[in-house]
Protein chains: 2
Amino acid sequence: MTGVILHYNEGAEPSDVNSREREAESLHDEVLTRLRNVIVEGQLAPGARVPEKELCAEFGVSRTPLREALKVLAAEGLVELLPNRGARVRRFTEQDVRNLFEILAALESAAGRLACTRITNAEIAAIERLHYEMYGHYMRRELPAYFRLNQAIHLGIVDAARNPALKETYEGFTARMRQFRYSANTIARDRWGEAMREHELMLDALRRRSSEELGSILFDHLLKKFEAASQTLRRSADDNGQ
Amino acid sequence: MTGVILHYNEGAEPSDVNSREREAESLHDEVLTRLRNVIVEGQLAPGARVPEKELCAEFGVSRTPLREALKVLAAEGLVELLPNRGARVRRFTEQDVRNLFEILAALESAAGRLACTRITNAEIAAIERLHYEMYGHYMRRELPAYFRLNQAIHLGIVDAARNPALKETYEGFTARMRQFRYSANTIARDRWGEAMREHELMLDALRRRSSEELGSILFDHLLKKFEAASQTLRRSADDNGQ
DNA sequence: CTTTGAAGTTTTGCATGCATTTTTTTGTAT
DNA sequence: ATACAAAAAAATGCATGCAAAACTTCAAAG
């Protein structure tokens with residue numbers, strides 16, 4: 001498919017494992033996706049230099065597509081470009097993460113506003129079902145399932161805003177924050193109930209198609225989510241004596 | 001103007017002509033900025049193929065940094081990458097522009113919310129002064145000066161949100177829309193008064209530090225701005241028989 | 001010991017080279 | 001003419017080459 005390209009990926013089989021779905025993806029795109037994952041998943045520590053040669057070997061490509069990907073990641077803010085010193089994985093401060101959460105809150109809040117004017121009754125019903133299912137997981141303290149449904153609800157609202165550019169931007173930012181997800185997906189016992197109540201308010205505002213209410217609730221909900229997550233994070237950091 | 005740039009950098013002194021201010025800018029960064037300007041300013045028509053060779057000649061660089069810039073512009077959505085067929089300048093539909101305006105509205109609305117909790121009284125006073133100055137231009141029907149002040153006020157609010165990442169994202173989106181500015185900076189006579197009134201409400205909400213109000217006003221204000229601009233645009237398109 | 005610094009090594013940024021693919025041109029049959 | 005096919009030309013995607021910059025190493029001086 002990609003061709004025989006002798007030296008590198010003979011045994012590599014780029015087509016089967018990594019590129020799910022998309023057929024003819026450019027090397028650049030594939031490297032971009034893979035490198036972003038490497039960084040977001042923390043395989044490359046924050047603050048670490050990005051070793052071009054090693055990554056080229058690992059990905060089986062030359063430096064050209066890798067460096068193209070690095071420029072894009074730099075534009076996304078995942079990586080810093082040091083003049084004549086290559087790239088380094090960006091280290092996020094707590095303030096950085098807060099700033100990103102506020103951007104997410106901005107996008108999702110606006111999505112909620114727009115959704116109120118554009119969502120169909122069927123979609124509202126679908127979100128209601130997700131809500132009740134999530135409530136069940138909440139009652140049974142099934143955290144992973146709860147988070148899955150939670151995310152589905154938020155995505156449903158973003159979808160209902162009927163704005164692909166907004167959705168794409170939103171997803172871009174959530175992807176960048178997957179590296180903090182481990183903490184965001186922990187939830188303090190007392191926060192959980194509050195979050196559930198906020199979701200009830202969201203559903204109520206959505207049913208009444210109250211743009212302003214839903215926008216406000218979502219905004220505050222996201223900021224509180226950050227506060228809770230950062231507290232959890234700080235606590236676990238303290239536990240480690242760090 | 002583009003400069004002599006013969007072989008490479010013998011007498012090159014990159015610091016003097018081309019890089020205003022910033023000293024050691026990488027070729028990649030400079031090409032990125034320049035190419036973005038070329039596209040946003042419409043020197044490369046929407047839908048047109050991006051001619052790598054010509055641009056390389058014009059910028060005096062090889063294809064490598066140019067192509068790196070193209071990948072970044074593609075990630076920004078200014079350019080589309082066609083497999084094996086290079087890049088083409090993205091053509092924005094009215095719906096695309098609406099979507100972008102909604103994102104801008106999201107960001108600025110959130111900035112307003114945050115600003116209410118973080119802005120200093122001195123900054124509020126500064127924005128008030130801008131407001132009154134803008135009012136003078138409104139009364140005297142001085143459109144360019146009005147728009148300048150208008151923009152300063154909006155930027156002041158974004159600044160007061162104390163979120164550099166938000167500001168950067170906001171500026172990124174406004175830059176991308178500078179190509180539609182010609183229409184956004186036209187304002188229908190009847191819309192002007194309404195916009196001015198909305199600004200009065202904004203200032204009032206800001207004085208009272210009412211996050212929700214300011215967020216709502218800004219959101220609606222931006223969407224109305226789009227509606228007005230797109231109407232103006234459509235009208236002028238009709239006039240041209242298009 | 002710590003500093004200095006010169007020579008060697010690696011890394012970086014960019015230009016160039018080359019196999020493919022796409023586009024254009026040209027030629028031929030309908 | 002119009003449609004199609006073969007050939008030629010150009011553009012694209014990626015690998016590689018190379019000079020300059022940044023790191024190492026290690027020995028001599030303080």
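Residue numbering restarts at 1 for every chain, and letters A, B, ... go by the order of the sequence lines. Scope of the values below: all heavy atoms of this structure, side chains included, with no hydrogens, waters or symmetry mates.
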Interatomic distance, [X] [atom1] vs [N] [atom2] [rounded to whole Å]:
{"X": "A/D29", "N": "D/dG13", "atom1": "CG", "atom2": "P", "answer": "11 Å"}
{"X": "A/L81", "N": "C/dT12", "atom1": "CG", "atom2": "P", "answer": "11 Å"}
{"X": "B/L27", "N": "C/dT12", "atom1": "CG", "atom2": "C1'", "answer": "13 Å"}
{"X": "B/R63", "N": "D/dT12", "atom1": "CZ", "atom2": "C1'", "answer": "6 Å"}
{"X": "B/K71", "N": "C/dC14", "atom1": "NZ", "atom2": "C1'", "answer": "16 Å"}
{"X": "B/E54", "N": "D/dT12", "atom1": "CD", "atom2": "P", "answer": "10 Å"}
{"X": "B/E80", "N": "D/dT12", "atom1": "CD", "atom2": "C1'", "answer": "17 Å"}
{"X": "A/E52", "N": "D/dC23", "atom1": "CD", "atom2": "C1'", "answer": "15 Å"}

### Query
Taking the inter-plane angle between the rings of B/H154 and B/H221 on a 0 to 90° scale, is it parallel (under 30°), tilted (30 to 60°) or perpendicular (over 60°)?
parallel

### Task
Could you label the plane-to-plane angle of the B/F92 and B/F180 rings as parallel, tilted or perpendicular, counting under 30° as parallel and over 60° as perpendicular?
perpendicular

### Query
Got a second to check how far A/K71's NZ is from B/L73's CG, nearest 0.5 Å?
13.5 Å

### Query
Hey, which of these two, B/E68 or B/R49, hits DNA chain C nearer its 5' end, going by closest nucleotide?
B/E68

#### Entry: Residues from residues 84-91 of chain A lying under 4.0 Å of DNA chain D - heavy atoms
A/N84, A/R85

### Message
What I'd like to find out is whether the side chain of B/R162 reaches to under 4.5 Å of the side chain of B/L114, using heavy atoms alone.
### Response
no

### Message
Taking any heavy-atom pair under 4.0 Å as a contact, classify B/L66: base, sugar-phosphate, or nothing.
### Response
nothing

### Message
Categorize A/L82 for me: base, sugar-phosphate, or nothing, with a 4.0 angstrom heavy-atom threshold over every strand shown.
### Response
sugar-phosphate

### Message
For the backbone of A/N99 and the side chain of B/N163, can you confirm whether one donor and one acceptor N or O come within less than 3.5 Å of each other?
### Response
yes

### Message
For a quick test of reading the model: is some side-chain N or O of A/S62 closer than 4.0 Å to OP1 or OP2 of D/dA15?
### Response
yes

### Summary
Nearest heavy-atom contact between B/V158 and B/A111 is CA-CB, 4.0 Å

### Message
Which residues pass the salt bridge (charged side-chain N to carboxylate O under 4.0 Å, His left out) test with B/R88, not counting sequence neighbours?
### Response
none

### Query
Which nucleotide in the list C/dG13, D/dA15, D/dA11 gets nearest to the side chain of A/P65?
D/dA15

